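One structure is given below, encoded as structure tokens.
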Number of protein chains: 2
Amino acid sequence: MSAGFEVFRDYVTRHTQLSEVDFGTLEAAAKPKKLRKHQYLLQEGDVCRYHCFITKGLLRTYAVDEKGNEHVIRFAMENWWISDRESLLTEQPSKFNIDAIEDSEVLLFDKSTMQMLTDSIPAFAKMVTGVLDKSFITSQTRIHEAISSTAEEKYNTFVQRYPGFALRAPQSMIASYLGIKPETLSRLRNKKH
Amino acid sequence: MSAGFEVFRDYVTRHTQLSEVDFGTLEAAAKPKKLRKHQYLLQEGDVCRYHCFITKGLLRTYAVDEKGNEHVIRFAMENWWISDRESLLTEQPSKFNIDAIEDSEVLLFDKSTMQMLTDSIPAFAKMVTGVLDKSFITSQTRIHEAISSTAEEKYNTFVQRYPGFALRAPQSMIASYLGIKPETLSRLRNKKH
DNA sequence: CCGTAACGATGAGGTATGTCAAGAAAGCAA
DNA sequence: TTGCTTTCTTGACATACCTCATCGTTACGG
């Protein structure tokens with residue numbers, strides 16, 4: 001068993017209970033992939049074909065606006081899923097880019113494979129829906145914070161909630177994620193005492 | 001069949017195919033409820049017990065911060081679902097309020113009933129997951145806009161995407177939803193030529 | 001280990017949006 | 001209708017955050 005699948009196996013075990021046969025099915029379905037720092041998992045304009053589970057490293061989803069500014073939509077690290085669900089669902093070109101912030105490793109599950117897995121392993125289907133449910137809740141929380149907090153409050157909340165991202169991602173990307181300029185974030189960080 | 005269920009039946013028919021038996025099961029499970037303008041569907045501190053489908057009217061989810069300011073998290077009208085998924089999932093007190101902006105009618109499905117329905121009607125389960133998936137995608141889009149757009153861009157996008165909300169909700173609530181002050185929204189609207 | 005490039009820090013000044021206050025308009029109850 | 005309340009508009013001013021430019025620091029490929 002690959003190191004990558006071991007991480008995934010632990011993750012699944014933490015969320016549901018599956019037979020050895022089911023784990024075999026999962027392992028056969030997962031395509032491991034390594035990504036070097038700065039390498040793309042998905043590029044704007046391409047159709048997103050995979051649900052990706054991260055077994056190692058740190059990735060980001062970002063969009064580029066007309067003026068060429070990057071906007072980080074989200075970060076994701078070990079034990080997180082990442083994809084463009086909209087492109088995956090509609091099979092239309094993605095508006096987003098996903099790339100590696102660190103050297104990373106992921107497991108790819110293409111759309112039809114995922115369908116097969118959720119159809120044949122109900123407990124796995126339930127886990128996947130549970131993940132989606134939590135993702136939605138997290139998004140609602142972020143929206144709440146985005147519309148109601150100052151830059152400083154957003155940053156403090158971010159650091160508390162995601163210390164891993166705060167330590168591992170460059171400040172310019174964190175600023176982008178928070179919807180503020182890097183200079184503003186720098187000042188915020190340095191004004192503390 | 002009540003007028004409310006008729007709306008729901010049409011909605012379900014648009015999204016999936018169900019037998020008459022299944023529709024009977026749904027109708028038996030749905031508790032209709034009328035809400036007068038300003039009436040609460042959920043109050044902060046209470047545990048959210050229901051998935052609610054709106055058959056008539058307009059509701060909002062909002063949070064109140066320490067300073068007493070209201071922040072509108074979302075609007076929802078006919079053919080939309082509304083609830084606090086976090087409270088529903090965890091059975092912890094909600095941080096949000098949901099109330100009626102207009103006289104409204106909803107169908108309530110409590111958590112265990114919903115579980116029973118999705119367990120016994122796979123097509124319905126699939127539809128519900130599909131709705132959640134779309135909700136998540138919508139949230140991601142809103143986050144993207146929140147971090148990358150000016151107040152004016154946010155307002156224009158909002159009007160285009162949700163003309164119904166733009167016409168039916170008071171401006172102070174729309175401003176709150178966009179994360180800006182009512183005065184700012186008023187100026188934006190009136191500066192056009 | 002060096003040189004270059006990317007990143008972060010900091011200053012000066014600008015702009016979008018917020019705050020507070022007053023008045024006009026619109027909704028609503030009697 | 002009338003009067004009362006809530007919502008919207010508008011102005012003057014405050015401020016959080018942005019922009020642009022510069023410089024120090026860190027990362028990294030050769």
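Remember, it's a predicted structure, so these values are computed and weren't measured experimentally. All values below come from the heavy atoms of this structure, side chains included, with hydrogens, waters and symmetry mates left out. Here is the naming used below: chain letters follow the sequence lines, and residue numbers restart at 1 for every chain.
Cation-pi check for B:Arg142 over B:Tyr177 is met; the charged atom lies under 6.0 angstrom from the ring centroid and within 45 degrees of its normal.
Summarising the geometry, the separation between NZ on A:Lys67 and C1' on D:dC20 is reported as 16 Å, rounded to the nearest angstrom. To the nearest angstrom, C1' of D:dT6 lies 14 Å from CD of B:Glu70. One interatomic measurement links the two molecules: CZ of B:Arg168 to P of D:dT7, which rounds to 18 Å at whole-angstrom precision. Counting to the nearest Å, the C1' atom of C:dA25 and the CD atom of B:Gln171 are 12 Å from each other. Spacing between atom CG of A:Leu167 and atom P of C:dG8 amounts to 13 Å, rounded to whole angstrom units. Between the CD1 atom of A:Ile180 and the C1' atom of C:dG8 there is a distance of 14 Å, given to the nearest Å. Rounded to whole Å, the distance from CD1 on B:Ile174 to P on D:dT9 is 11 Å. Between A:Leu178 atom CG and D:dC17 atom P there is a gap of 11 Å when expressed in whole angstrom units.
Judged purely by distance below 3.5 Å, without hydrogens or angles, the side chains of A:Arg189 and A:Gln171 pair a donor atom with an acceptor atom.
With the nearest nucleotide of DNA chain C identified for both B:Glu183 and B:Lys37, B:Glu183 has the one nearer the 5' end.
Across all their heavy atoms, B:Leu26 and B:Phe5 have their closest contact at C-CE1, 3.8 Å. In plain terms, the two heavy atoms of A:Ala30 and A:Pro32 that are nearest each other are O-CD, 3.5 Å.
Contact annotation: B:Asn190 reaches the phosphate of D:dT10 (side-chain N/O to OP1 or OP2, under 4.0 Å). Contact between the side-chain N/O atoms of A:Thr150 and the OP1/OP2 oxygens of D:dA16 is not found at any separation under 4.0 Å. Side-chain nitrogen and oxygen atoms of A:Ser186 include at least one within less than 4.0 Å of the OP1 or OP2 phosphate oxygen of C:dA9.
Within 4.0 Å of A:Leu185, counting heavy atoms only, lies no atom of the nucleic acid at all. Using a 4.0 Å heavy-atom criterion, one finds that B:Ser172 contacts the sugar-phosphate atoms exclusively.
Between the side chain of A:Arg187 and the base of D:dT19, at least one donor-acceptor pair of N or O atoms lies under 3.5 Å.
Around atom NZ of B:Lys56, more than 12 heavy atoms belonging to other residues, nucleotides or ligands sit under 6.0 Å away.
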